[in-house]
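Please find one structure pasted underneath; my questions will follow.
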Amino acid sequence: MAASYDEVMKLALERGFYFPSCEIYSDAPAGFWEYGPTGVNMKNKFIELWRRELVRRDGMLEIDGCQIMSKSVFVASGHIGNFTDPVVKCTKCGSSFRADRFITEKTGESVLERAAEQEIKALIKKHDLRCPNCNGEFGEVSKFNMMFRIGIGPAAEEAYLRPETCQTIFVDFARLFKTMRGRLPLGIAQVGKSFRNEIAPRQSLLRLREFYQAEIEVFCNPDRLNEMPKFEEVKNTVLRLSDGSSIIEVTAEEAISKGLTPNKLITYYLALLVEFYDKTGIDVKRSRFRNLSVDEKAFYASVAFDFEVETSIGWLELVACNYRSDYDLKGHAITSKQNLEVLDSATQSKVLPHVFELSMGIDRSIYAILEHCYYEDKQHDDRVVLRIKPYLAPILVGILPLMTKDGLDQKAHQINSALKYDFDIFYDESGSIGRRYRRLEEIGTPFAITIDKATMQDDTVTIRHRDTMQQERINISDLHQYLHRALGVR
RNA sequence: GCGACGGUCGUCCAGUUUGGUCUAGGACAUCAGAUUGCCAAUCUGGUAACCCGGGUUCAAAUCCCGGCCGUCGCACCA
């Protein structure tokens, strides 16, 4: 009954959730996918839920920054230096290897990941290293940077497509803190595209070269990470924590007292995140916060939890939660020569804020929701039902005249007109009523309004519920309110 | 990026071994009409594909070469 990757993929292709970009051309590159009408609708609603449950709930500031950023930004962020892997390629068979790891493995000599090309070349020569596949000689050492470099203006000035959305937040921080009357801790959020030149993009939405992130950077005073009055709201929220093998369930409060999470601030946001994902329809019983080991952590993170969900293809990372300390603001302060310290009003002291980040992959989240909501109803001819939350459903309600005569279709059109400005609805009069129900529930439409003969007499319609297939009869005049209530987030 | 395997209507599959009978077949989906009138009904008709480029040949979906894409493994993964 659990959906597989292939089933979700099939649904996505057949019903317009997502599909490969530029697919009519044979040179379409891998790692680029587009959202179709159903997918984009769901994605927009997912983002709206994120705004509601994280941005508004916590009183964060949201910005929308540029996707192209100057070279200096990435010098400061460390991406120019660290986002680069030294690669050596065999001149004979073409196999390529991560130079630093390869040398260390073969010789025991430790090599810095950011070692100069010359240095690596010298080491290869010194140890006479050869290709392990064919014993061929290695060619030049190249550096593969995962950022997309672009040239601005006629002089093609060096700039990059951002590899993560958060750098905008860091470079904008000082202005936002001043003009928006910021107080620590302060969350700044952004949704947008990021770009990474992945070596091996795979599995449709799961590893893309152009993808959506929803990032939240919480700026805080590192001396006050346990002063978090809002923590009371989430102290009983259950967190599933894991070291990668076993999972333990504890409340947020217990997590801190047992030392499983480092402080109230981090724990509060982890709890907020679980509460958010619970509302997306993802089964949080199949999720975990994986505490990353030292060698798994990103170069800027001192504490890192990945929020992962279980899918048919294994544990899938949806959100990276990193305590980035003052790594970013310090880097930008030095490179830009600006003072990015702010006054913490609570202590009346100047502080360079630390940052705790929730970096969410939207595309992966959409996939996970589809997979967790996909359901084959064995009781009813294996009908495929996407049991998605009404507030995330691409279409909220189908308008279906039972037949196209006796004025039923005109009546249905009237209802359609009355509702279409306020709800995502779909009018359908073709084929049998059963087929129309099935089509709707496959894309997760929670309700179907059927106009029948009784409608013509008493202005009532039936509302059919997707999951139970039960119907109830209500007045047309109550439809608006009924649907509005059904959209509520619970 | 390397290796193995693969790529035919929207989706899944047949056809490739042994080149011709393939102006490419089926199922599901989809569209139109008829019929029915509350759960994928039936009938009739239709739309719709050989990944791209080059080569071999009288003849290529089929054989060869290159590219692109996909799946899996390795590697990578913010």
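A note on names: the letters A, B, ... follow the listed sequences, proteins ahead of strands, and every chain is numbered from 1. Fair warning: this is a prediction, and the values are worked out from it, not measured in the lab.
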Expressed in whole Å, how much space separates the P atoms belonging to G67(B) and G3(B)?
10 Å
How is T450(A) classified with respect to the nucleic acid when contacts are heavy atoms under 4.0 Å: base, sugar-phosphate, or nothing?
base
Would you mind checking if D382(A) and K378(A) are paired as a salt bridge, meaning a charged N to carboxylate O distance below 4.0 Å?
yes
Residue R207(A), side-chain heavy atoms: nucleotide from C51(B), A32(B), C77(B) that is nearest:
C77(B)
5'-most contact on RNA chain B: N322(A) or E14(A), nearest heavy atom basis?
E14(A)
Parallel, tilted or perpendicular: which describes the rings of W33(A) and Y18(A), with under 30° parallel and over 60° perpendicular?
perpendicular
Minimum-distance nucleotide (side-chain atoms of K10(A) versus G1(B), U11(B), G37(B))
U11(B)
When the ring planes of Y427(A) and H413(A) are compared, do they come out parallel, tilted or perpendicular, using 30° and 60° as the limits?
parallel
Considering only atom C1', compute the distance from U17(B) to G54(B) and round it to an integer number of Å.
25 Å
For the residue pair Y5(A) and Y367(A), does the interplanar ring angle fall in the parallel (under 30°), tilted (30 to 60°) or perpendicular (over 60°) class?
tilted
Please state the C1' separation for the pair A60(B) and U18(B) - nearest whole angstrom.
14 Å
Toward the 5' end of RNA chain B, by each residue's nearest nucleotide, T404(A) or A320(A):
T404(A)
Which listed nucleotide (G67(B), A40(B), U71(B)) is nearest to the side chain of S26(A)?
G67(B)
Per atom distances to the I199(A) side chain, the nearest of U30(B), G37(B), G1(B) is G1(B)
Is there a donor N/O on one and an acceptor N/O on the other, under 3.5 Å, for the side chain of R464(A) and the base of C39(B)?
yes
Among A29(B), C39(B), G37(B), the one nearest any side-chain atom of R15(A) is A29(B)
In terms of the angle between their ring planes, are Y323(A) and H354(A) parallel, tilted or perpendicular, with boundaries placed at 30° and 60°?
tilted
Between C51(B) and G6(B) - C1' atom distance, rounded Å:
12 Å
Checking all strands, does P20(A) fall into the base, sugar-phosphate, or nothing category for heavy-atom contacts under 4.0 angstrom?
nothing
Rounded to whole Å, how long is the line connecting atom OH of Y25(A) with atom P of G7(B)?
25 Å
Just checking I433(A): base, sugar-phosphate only, or nothing, at a heavy-atom cut-off of under 4.0 Å?
sugar-phosphate
Measuring only the P atom in each nucleotide, how far is C68(B) from A59(B)? A whole number of Å is fine.
29 Å
Applying a 4.0 Å non-hydrogen cut-off, can you work out what E317(A) is touching in the nucleic acid: base, sugar-phosphate, or nothing?
sugar-phosphate
Would you mind classifying the nucleic acid contact of A30(A) as base, sugar-phosphate or nothing, using non-hydrogen atoms under 4.0 angstrom?
sugar-phosphate
Taking only the side-chain heavy atoms of R202(A) (C-beta and beyond), determine which of C38(B), A41(B), C72(B) contains the nearest atom.
C72(B)
So what does T462(A) hit on the nucleic acid, given a heavy-atom distance under 4.0 Å: a base, only sugar-phosphate, or nothing?
base
In terms of side-chain heavy atoms of S430(A), which of C72(B), C31(B), A40(B) is nearest?
C31(B)
Quick one: which of U30(B), C69(B), G37(B) gets closest to the side chain of R439(A)?
U30(B)
Among R438(A), R466(A), R383(A), salt bridge (Lys or Arg N to Asp or Glu O under 4.0 Å) partner for D377(A):
R383(A)
Measure from the side-chain heavy atoms of R436(A) and tell me the nearest of U30(B), C52(B), G37(B).
G37(B)
Per-residue pairing states of RNA chain B in dot-bracket (Watson-Crick or G-U under 3.5 Å; . unpaired, | other strand) read (((((((..((((......[....)))).(((((.......)))))....(((((..]....))))))))))))....
According to the interplanar angle, ranging from 0 to 90°, do the rings of F74(A) and Y160(A) count as parallel (below 30°), tilted (30 to 60°) or perpendicular (above 60°)?
perpendicular
Tell me what F32(A) touches on the nucleic acid: a base, only sugar-phosphate, or nothing, going by heavy atoms under 4.0 Å.
nothing
Could you check D363(A) against Y35(A) for side-chain hydrogen bond (donor to acceptor under 3.5 Å, both in side chains), going step by step and ending with a plain yes or no?
CA-CA 10 Å; D363(A) 314 277; Y35(A) 286 101; 2.6 Å; yes
